[in-house]
Amino acid sequence: MYPIGKRFQPFNMPSAHYNLDYLQQVFQGNDAMVHRILDSFEEQVPAYFAEMDKRWHEGRWQDIHPLAHKAKSSIGMLGMTALLEHVVHIEKISRTAAEPADMRDRLDQARTLLDLALDAMRRDRAGQAGGRAGMEGLSPPTSESRRTRRRLRRA
């Protein structure tokens with residue numbers, strides 16, 4: 001958990017890989033919600049890409065578009081415009097059966113951009129957590145607390 005009543009400024013520095021302006025505007029300073037969205041993104045979107053890759057290797061490239069569609073909104077919310085362009089293209093190719101050979105390159109490029117963005121977010125979040133080390137002895141959510149929240153949401 002993050003300190004209640006303390007304004008936590010997530011990611012004060014702009015990143016070349018993501019932009020949280022939209023989330024900060026939508027949640028109007030509710031940093032806990034921004035962090036929940038980021039936690040969810042870190043769990044779900046890499047899994048979507050892993051499944052897209054699996055379907056590609058199985059020759060089921062026509063079945064990739066639902067996953068690309070799911071990833072698209074999360075990627076857009078986090079201002080990952082370069083990655084978003086690739087995902088939109090992947091969705092279109094998979095849905096329309098146009099240029100399937102191009103999909104492998106797009107998947108590889110998109111995965112590279114996703115990895116860069118995730119690394120930047122993790123570094124920024126770790127830096128923010130380090131900067132708050134003395135604040136009420138609280139630390140960022142662990143993967144165990146994320147699993148617990150996920151179970152509660154499903155219940």
Side-chain angles (χ1 to χ4, degrees), residues 1-2 8-129 140-155:
M1 277 279 151
Y2 294 95
F8 174 62
Q9 294 293 329
F11 320 105
N12 293 330
M13 299 175 61
S15 172
H17 303 291
Y18 65 92
N19 182 330
L20 299 182
D21 290 347
Y22 175 76
L23 286 180
Q24 290 171 340
Q25 179 183 1
V26 168
F27 293 113
Q28 301 174 357
N30 186 341
D31 298 326
M33 281 304 298
V34 172
H35 283 283
R36 281 188 213 128
I37 297 292
L38 296 176
D39 290 343
S40 178
F41 181 89
E42 284 189 61
E43 290 176 24
Q44 293 176 354
V45 175
Y48 295 152
F49 273 83
E51 183 62 25
M52 284 190 273
D53 216 35
K54 178 182 171 197
R55 290 179 185 187
W56 169 261
H57 287 295
E58 291 174 349
R60 298 173 40 216
W61 58 267
Q62 317 87 311
D63 297 335
I64 291 174
H65 67 86
L67 295 164
H69 185 77
K70 286 180 183 181
K72 187 171 62 174
S73 62
S74 297
I75 291 166
M77 277 194 319
L78 295 181
M80 299 176 178
T81 54
L83 176 56
L84 184 61
E85 289 177 27
H86 288 293
V87 172
V88 167
H89 191 77
I90 290 165
E91 181 184 18
K92 180 181 174 188
I93 292 170
S94 177
R95 191 179 302 274
T96 64
E99 306 175 43
D102 183 39
M103 191 181 305
R104 178 75 261 160
D105 286 338
R106 290 291 188 142
L107 281 168
D108 290 341
Q109 291 173 37
R111 186 57 190 232
T112 298
L113 290 170
L114 175 64
D115 290 343
L116 288 170
L118 288 171
D119 287 346
M121 282 189 343
R122 288 175 184 139
R123 275 193 315 274
D124 291 345
R125 292 178 90 183
Q128 288 293 325
T142 63
S143 60
E144 182 175 314
S145 64
R146 284 187 214 131
R147 281 192 293 273
T148 302
R149 282 194 313 269
R150 200 169 48 239
R151 282 189 210 119
L152 290 172
R153 281 193 305 261
R154 290 181 185 153

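Hydrogens, waters and symmetry mates are skipped; everything else that's a heavy atom, side chains included, is used.
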Exercise for the section: State, to 0.1 Å, how close Ile93 and Trp61 come at their nearest heavy-atom pair, and which atoms those are. Expected result: O-CZ3, 3.8 Å
Exercise for the section: Could you tell me whether the side chain of His86 reaches within less than 4.5 Å of the side chain of Leu113, counting heavy atoms only? Expected result: yes
Practice task
Output all residues satisfying side chain to side chain contact (heavy atoms under 4.5 Å, CB included) with Thr81, sequence neighbours left out; order by chain, then residue number.
Solution key: none
Exercise for the section: Enter the distance from Arg60:CZ to Lys54:NZ here, rounded to the nearest 0.5 Å. Expected result: 7.0 Å
Determine all donor-acceptor pairs shorter than 3.5 Å in which one atom belongs to a side chain in residues 69-80; sequence neighbours excluded.
| unit_1 | atom_1 | unit_2 | atom_2 | d |
| --- | --- | --- | --- | --- |
| His69 | ND1 | Glu91 | OE2 | 2.9 |
| Lys72 | NZ | Glu91 | OE1 | 2.8 |

Exercise for the section: Quick one: pull up OH in Tyr48 and CD in Glu51 and give me the separation to the nearest 0.5 Å. Expected result: 11.5 Å
Exercise for the section: Would you indicate whether the side-chain heavy atoms of Asp21 and Gln25 approach each other to under 4.5 Å? Expected result: no
Handout entry: Least distance between heavy atoms, Leu114 atom then Pro46 atom
Key = CD2-CA, 4.1 Å
Exercise for the section: May I ask you to decide whether Arg125 forms a salt bridge with Asp39, counting only side-chain N to carboxylate O separations under 4.0 Å? Expected result: yes
Handout entry: Shortest non-hydrogen contact from Ile64 toward Ser94
Key = N-OG, 3.3 Å
Exercise for the section: Side-chain contact test, heavy atoms from C-beta onward, threshold under 4.5 Å: evaluate it for Lys92 versus Met103 and give yes or no. Expected result: no
Handout entry: Pairwise distance CD(Gln109) to CD1(Ile90) - rounded to 0.5 angstrom
Key = 8.5 Å
Practice task
Evaluate salt bridge (charged side-chain N to carboxylate O under 4.0 Å, His left out) for Asp31 paired with Arg36, printing each intermediate quantity in order.
Solution key: CA-CA 9 Å; Asp31 298 326; Arg36 281 188 213 128; over 6 Å; no
Problem - Reported CZ-to-CG distance for the pair Arg104 and Asp53, which is rounded to 0.5 angstrom - result: 4.5 Å
Problem - Residues Arg123, Asp119: salt bridge by 4.0 Å N-O rule - result: no
Completion exercise
Output for pair (His35 NE2, Leu23 CG), nearest 0.5 Å, gives 10.5 Å
Problem - Basic-acidic side-chain contact under 4.0 Å: Asp63, Arg95 - result: no
Practice task
Measure the shortest side-chain to side-chain distance between Arg111 and Asp108 over non-hydrogen atoms and say whether it is less than 4.5 angstrom.
Solution key: no
Exercise for the section: Please round to the nearest 0.5 Å and tell me the distance separating atom CD of Glu85 and atom CZ of Arg106. Expected result: 8.0 Å
